[in-house]
Visitor: 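The structure's right below; bear with me while I get my questions together.
Whatever order the structure lists them in is the order used to number ligands and atoms, beginning at 1. Below, each value reflects all heavy atoms present in this structure, side chains not excepted, and no hydrogens, waters or symmetry copies.
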Amino acid sequence: MVAFTTIAFSAAALLGFASAAPNTPPSTGVIHRIFAGSTVANKGLHFEPENIVAEIGDLIEVHFLPKNHSFVQSSFDKPCEPINDNAVFSGFQFNTMAGEAPNVFTFPVLDKKPFWFYCSQTAGNHCQMGMSGVINQNFDGAATLTAYKAKAALTGPSISGKIPSNGGRVLPNKPL
Ligand SMILES: *[C@@H]1O[C@H](CO)[C@@H](O)[C@H](O)[C@H]1NC(C)=O
């Protein structure tokens, strides 16, 4: 068991997935599951839920439905591109069969600032078509998810993030 754990960790290291960021807050134990892709909403180009309220130390866990999606952190001002070189990025997680991809992507909520995200799949222009969401939107302001999507529709091809990403981890998708 110990040997297996060691192997699993070094395999993750070889794949380049970062361990938790240095300033990770204490865990609250709360997990928010977000499903990337849908069988019905917006012809599949949808995150469910797409507007999340979370506390510092909560964990976000992204599950990937068919066929081939990613999760990338952006700014409000520039949709469909990474917020910076350390943007949270899942890589592409694909599943051509029905159901969820074999891996999930997790990262901790580090602060209460609005956190915008999108799918960077360029085949089918997922972000431009409305596949985006937000964690901790400011509900009093003009920076709404509707406004983000309207701006996203006018952008060029999406840009993916870089791995290793800031505090994010790709982990096996375990049944609940
Ligand atoms: C998933 O999408 C990415 C980006 O378009 C592409 O590079 C990759 O080959 C795709 N994977 C599969 C299995 O289709």
Visitor: Strictly under 4.0 angstrom, heavy-atom based: which residues surround ligand 1?
Guide: N68, F92, F94, Q121
Visitor: Scan for salt bridge (Lys or Arg N to Asp or Glu O under 4.0 Å) pairs involving residues 84-101, sequence neighbours excluded, and state none if there are none.
Guide: D85-K162
Visitor: Evaluate the pair C127, C80 and indicate whether the two SG atoms are within a distance below 2.5 Å.
Guide: yes
Visitor: Determine whether the aromatic ring centres of residues F107 and F117 are separated by less than 6.0 angstrom.
Guide: no
Visitor: Please collect all side chain to side chain donor-acceptor pair (under 3.5 Å) contacts where either partner lies in residues 130-140, sequence neighbours excluded, each pair once.
Guide: N51-Q137
Visitor: Pairs in or reaching into residues 39-55: which pass salt bridge (Lys or Arg N to Asp or Glu O under 4.0 Å), with residues at least two apart or in two chains?
Guide: E50-K149, E55-K112
Visitor: So K67 and F94, do their side chains get closer than 4.5 Å, heavy atoms only?
Guide: no
